[in-house]
Amino acid sequence: NLLYRYAEAIDAGCLDEAAALFRHARIEAGGNGTLDHAGLLALWQRIIVLYPCGTPRTRHLISNPIVDIDEATGTATARSCYTVFQATEQLPLQAIASGRYLDRFACIDGQWCFTAREYRLDLVGDMSWHLTTVKH
């Protein structure tokens with residue numbers, strides 16, 4: 001469920017809620033180095049375009065999750081794919097990015113939590129309406 005809660009929060013423009021899911025995690029975010037949840041939130045607040053509706057006008061689809069759970073240690077790993085769709089007044093609905101998430105989890109105080117995430121971006125479309133770091 002953490003995979004899907006992340007996508008739901010991001011698409012709703014609830015960046016703080018999405019970042020809170022990583023409060024026990026270290027995140028490898030490409031050229032941005034290793035971040036904690038506060039650093040990830042700061043990065044998102046700096047680069048994600050939020051529209052007047054309060055959302056980034058995206059839909060993150062998570063697919064092909066392969067989850068391995070080690071009940072004895074209370075840990076798990078997951079590999080999954082993501083595809084990000086976006087539609088704005090200027091951009092018709094289209095896939096703008098696709099890649100993989102490599103995640104680690106642990107059961108902390110009875111709750112499953114992210115402990116690590118690596119973002120891998122494989123395919124890139126028109127991200128200029130989604131990220132401030134990409135120009136139209």
Side-chain angles (χ1 to χ4, degrees):
N1 286 338
L2 288 169
L3 296 173
Y4 306 118
R5 285 188 185 127
Y6 162 78
E8 182 179 63
I10 288 286
D11 291 336
C14 299
L15 304 181
D16 54 344
E17 183 181 322
L21 294 171
F22 296 98
R23 67 189 171 279
H24 299 289
R26 291 289 183 209
I27 300 98
E28 293 295 327
N32 297 292
T34 303
L35 304 170
D36 63 7
H37 74 287
L40 185 61
L41 177 58
L43 174 66
W44 287 340
Q45 289 172 329
R46 191 173 70 249
I47 68 169
I48 294 176
V49 176
L50 294 179
Y51 289 84
C53 62
T55 77
R57 300 193 54 146
T58 56
R59 180 71 64 226
H60 287 66
L61 301 181
I62 313 300
S63 63
N64 305 7
I66 300 169
V67 180
D68 293 307
I69 301 170
D70 184 338
E71 291 186 30
T73 63
T75 61
T77 61
R79 300 184 315 272
S80 58
C81 299
Y82 67 86
T83 303
V84 182
F85 287 90
Q86 186 178 38
T88 71
E89 296 294 325
Q90 301 82 10
L91 181 76
L93 178 64
Q94 61 187 267
I96 61 167
S98 184
R100 298 183 59 77
Y101 298 134
L102 305 176
D103 295 312
R104 287 185 283 157
F105 308 92
C107 190
I108 300 171
D109 298 326
Q111 295 270 340
W112 283 98
C113 302
F114 284 102
T115 58
R117 168 165 276 184
E118 181 182 338
Y119 287 88
R120 291 192 181 169
L121 179 61
D122 299 325
L123 304 171
V124 179
D126 185 351
M127 300 265 288
S128 65
W129 301 100
H130 181 47
L131 301 178
T132 62
T133 55
V134 180
K135 299 297 179 203
H136 307 302

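Because only heavy atoms are used, hydrogens play no part in the values below, and waters and symmetry mates are left out as well, while side chains stay in. This chain uses plain numbering: 1 for the first residue, then up along the sequence.
Within a 6.0 Å radius of CZ in Arg100, other residues, nucleotides and ligands contribute more than 12 heavy atoms.
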Could you walk me through whether Thr58 and Asp11 satisfy the side chain to side chain donor-acceptor pair (under 3.5 Å) test, starting with their C-alpha distance in whole Å, then the side-chain angles of each, then the deciding distance to 0.1 Å, before giving a yes or no? CA-CA 5 Å; Thr58 56; Asp11 291 336; 2.7 Å; yes

Chi angles and distances behind the side-chain contact (heavy atoms from CB on, under 4.5 Å) call for Ile27, Thr34: CA-CA 5 Å; Ile27 300 98; Thr34 303; over 6 Å; no

side-chain contact (heavy atoms from CB on, under 4.5 Å) between Leu3 and Asp103, intermediate numbers included: CA-CA 9 Å; Leu3 296 173; Asp103 295 312; 3.1 Å; yes

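To the nearest 0.5 Å, atoms CG (Asn1) and CH2 (Trp112) are separated by 12.5 Å. For the atom pair CZ of Arg57 and CD of Gln90, the computed distance is 8.5 Å after rounding to the nearest 0.5 Å. Note that CD1 of Ile62 is 9.0 Å distant from OH of Tyr82, once rounded to the nearest 0.5 Å. Here His37 contributes atom NE2 and Leu21 contributes atom CG; the two are 10.5 Å apart, rounded to the nearest 0.5 Å. Taking OG1 from Thr83 and CZ from Phe85, the interatomic distance works out to 6.0 Å, rounded to the nearest 0.5 Å. Atom SG of Cys107 is separated from atom CG of Asp70 by 12.0 Å, given to the nearest 0.5 angstrom.
With respect to the salt-bridge test (charged N to carboxylate O, under 4.0 angstrom), the residues Glu28 and Arg26 do not qualify.
When hydrophobic clusters are built by joining Ile, Leu, Val, Met, Phe, Trp and Tyr residues whose side-chain heavy atoms come closer than 4.5 Å, directly or via intermediates, Leu61 is not grouped with Val67.
For the pair Arg117 and Tyr101, the distance from NZ or CZ to the six-membered ring centre is under 6.0 Å and the angle to the ring normal is within 45 degrees.
The six-membered or imidazole ring of Phe22 lies near that of Tyr6, with a centre-to-centre distance under 6.0 Å.
Using modelled atom types and a 3.5 Å distance limit, the side chains of Ser98 and Asp122 yield no donor-acceptor pair.
When side chains are defined from C-beta on, Ser128 does not count as touching Lys135, because their heavy atoms never get closer than 4.5 Å.
Between Arg46 and Thr132, the shortest heavy-atom distance links the atoms O-OG1, 3.1 Å. Across all their heavy atoms, Ile96 and Met127 have their closest contact at O-SD, 3.3 Å. When all heavy atoms of Thr55 and Ala12 are compared, the pair lying nearest together is CG2-O, 3.7 Å.
In terms of modelled atom types and a separation under 3.5 Å, the side chain of Glu17 and the main chain of Leu15 share no donor-acceptor contact. The main-chain N or O of Ala29 is never found under 3.5 Å from a side-chain atom of Glu118 such that the two would form a donor-acceptor pair.
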